[in-house]
Number of protein chains: 2
Amino acid sequence: MNTRQEVLDFVHHGAERFLPHLSIDCAIFGYHDHELKTLLIRHHGQENWSLPGGYIGRHETLTEAAHRILAEKTQLTGLFLQQFYTFGDSATRMNNIKTEQTHNTTYSKVGVSLSPGHWLSERTLSIGYYALVDYLQVVVTPEFLVDEYCWLNVADIPQELVYDHNEIIQKALLTLRAHIFQQPIGYNLLRDKFTLPEIHSLYETILCKQIDRRNFRKKLLTLGLIRQLDEQKKIGPHRSPFLYEFDLENYSRALEDGSILTF
Amino acid sequence: MNTRQEVLDFVHHGAERFLPHLSIDCAIFGYHDHELKTLLIRHHGQENWSLPGGYIGRHETLTEAAHRILAEKTQLTGLFLQQFYTFGDSATRMNNIKTEQTHNTTYSKVGVSLSPGHWLSERTLSIGYYALVDYLQVVVTPEFLVDEYCWLNVADIPQELVYDHNEIIQKALLTLRAHIFQQPIGYNLLRDKFTLPEIHSLYETILCKQIDRRNFRKKLLTLGLIRQLDEQKKIGPHRSPFLYEFDLENYSRALEDGSILTF
């Protein structure tokens with residue numbers, strides 16, 4: 001929502017357009033400079049950061065809602081998106097009073113105070129999706145109720161995100177870790193051509209463990225998942241590592257039959 | 001809901017007690033006679049079978065709701081339960097007319113016709129949970145609106161379950177397959193002591209492929225995940241296979257660090 005009028009319209013008429021008691025929260029991951037980063041936003045009046053998210057239209061499917069929200073936030077379509085968990089347990093989700101206070105601080109920007117029982121302050125379950133983006137392609141859309149955004153290394157996420165957003169991001173990361181041998185996560189996070197240190201560092205970050213680099217390279221090449229190219233990346237006068245790319249056919253097959261299931 | 005009065009109360013006052021637009025559907029799996037089975041029910045007036053399910057109380061957490069629903073259906077508590085996906089896309093979920101007709105057929109048993117816009121006929125997303133039960137311990141609770149139940153081999157599930165329940169059960173099975181090396185699925189489906197053919201057949205069923213039995217046995221024993229006992233199962237005069245049990249410590253560690261990630 002980019003304008004004051006859109007926000008007012010949302011507050012007063014949103015209940016007609018969106019399903020109550022439900023939201024989507026997004027863990028948007030990008031990989032850059034050997035770091036796995038996630039996008040955080042800070043709503044107006046809030047001290048703590050949060051994950052980007054949105055609501056589900058009454059006439060759109062759940063998957064359409066997730067893609068729409070991601071497109072609105074990043075201006076990207078066709079993203080690799082996976083639902084990972086629905087959150088409905090935390091005390092902050094069960095406790096409407098705190099939600100109402102948080103929302104009122106944000107919506108004060110349009111001069112609105114949400115009445116008790118307003119649909120935006122009711123108990124809301126959240127369906128979590130993770131998205132893998134090309135970090136350099138993302139254009140974070142300015143939004144009227146968002147004061148600030150940032151990309152943070154996943155290791156540097158503050159302990160005090162709003163509500164249960166720390167739990168959501170942790171679950172997203174655990175899911176990436178569980179999925180990395182079953183979903184084209186490496187393919188969707190890396191650029192088309194990458195160096196060995198880049199792919200090695202990505203897998204170490206997601207798996208949260210040190211992996212022997214020579215065995216890693218050997219396994220990926222032996223299985224034909226990646227291939228070395230005749231190009232080199234110019235980093236400096238004495239550093240020109242070879243570039244690699246995924247062999248999509250072998251990679252897809254390995255994901256399908258589980259042949260790369262461990263390092 | 002076991003009585004006519006409970007059903008009437010639910011129809012007329014359920015909206016105060018349960019969250020609208022949400023339900024939980026359960027894929028309840030049990031393992032018996034070398035078959036992975038699932039529990040299906042047939043609601044009053046319906047031709048097609050469905051998965052058991054229920055609604056989420058306004059004052060209970062999502063996880064509490066899942067456990068409560070499972071306890072109501074099976075009379076078992078402390079079950080191994082995993083959320084696997086939230087369904088909100090299918091045409092049958094988006095198309096309220098068909099839902100209203102289906103519900104009206106069932107609720108006609110208490111002489112009620114749901115008005116248009118009744119909360120039970122509105123678009124409802126479903127949060128899927130799978131439960132792993134000891135087949136012999138389950139006592140399926142008779143319910144007023146359920147005419148029949150059955151345990152079916154997962155390979156024999158009819159193509160025409162209600163709504164998108166075929167999609168839900170397929171997703172549950174795919175999740176079991178993805179989880180079998182990360183969650184104690186074998187442990188929760190098998191009895192405390194089992195024969196090698198039983199555990200072998202279970203893994204073949206879940207992984208949907210043939211596994212060489214000798215290598216399978218060798219890997220499980222070498223990793224110390226199972227141990228052979230000094231007992232034998234009496235099947236017949238010439239058949240007394242040894243019994244095995246899980247070594248929980250090694251098994252948990254293997255699930256944690258992924259050492260058994262393939263067969």
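Side chains are part of it too, since the values below use all heavy atoms of this structure and drop only hydrogens, waters and symmetry mates. Remember, it's a predicted structure, so these values are computed and weren't measured experimentally.
- Comparing A:M94, A:E122, A:H179, A:Q83 by how many heavy-atom pairs each has under 4.5 Å with chain B, the most go to A:Q83.
- The contact between A:Y85 and chain B is made by backbone and side chain atoms together, counting heavy-atom distances below 4.5 Å.
- In plain terms, the two heavy atoms of B:A178 and A:Q182 that are nearest each other are O-NE2, 3.6 Å.
- Listed by first and then second residue, the salt bridge (Lys or Arg N to Asp or Glu O under 4.0 Å) pairs that reach into residues 17-27 of chain B are B:D9-B:R17, B:D25-B:R93, sequence neighbours excluded.
- Interface residues of residues 50-59 of chain A toward chain B, defined by a heavy-atom distance below 4.5 Å and sorted by number: A:I56, A:G57, A:R58, A:H59.
- Within residues 69-76 of chain B, no residue has a heavy atom under 4.5 Å from a heavy atom of chain A.
- The one candidate from A:I127, A:L125, A:L22 that meets the side chain to side chain contact (heavy atoms under 4.5 Å, CB included) condition with B:T86 is A:I127.
- Of all non-hydrogen atoms in B:L62 and A:R123, the two that sit nearest each other are N-NH2, 3.7 Å.
- For B:F80, the CZ atom counts as densely surrounded, since its 6.0 Å shell holds more than 12 non-hydrogen atoms of other residues, nucleotides or ligands.
- Residues of residues 166-177 of chain B lying within less than 4.5 angstrom of chain A, judged on heavy atoms, are absent.
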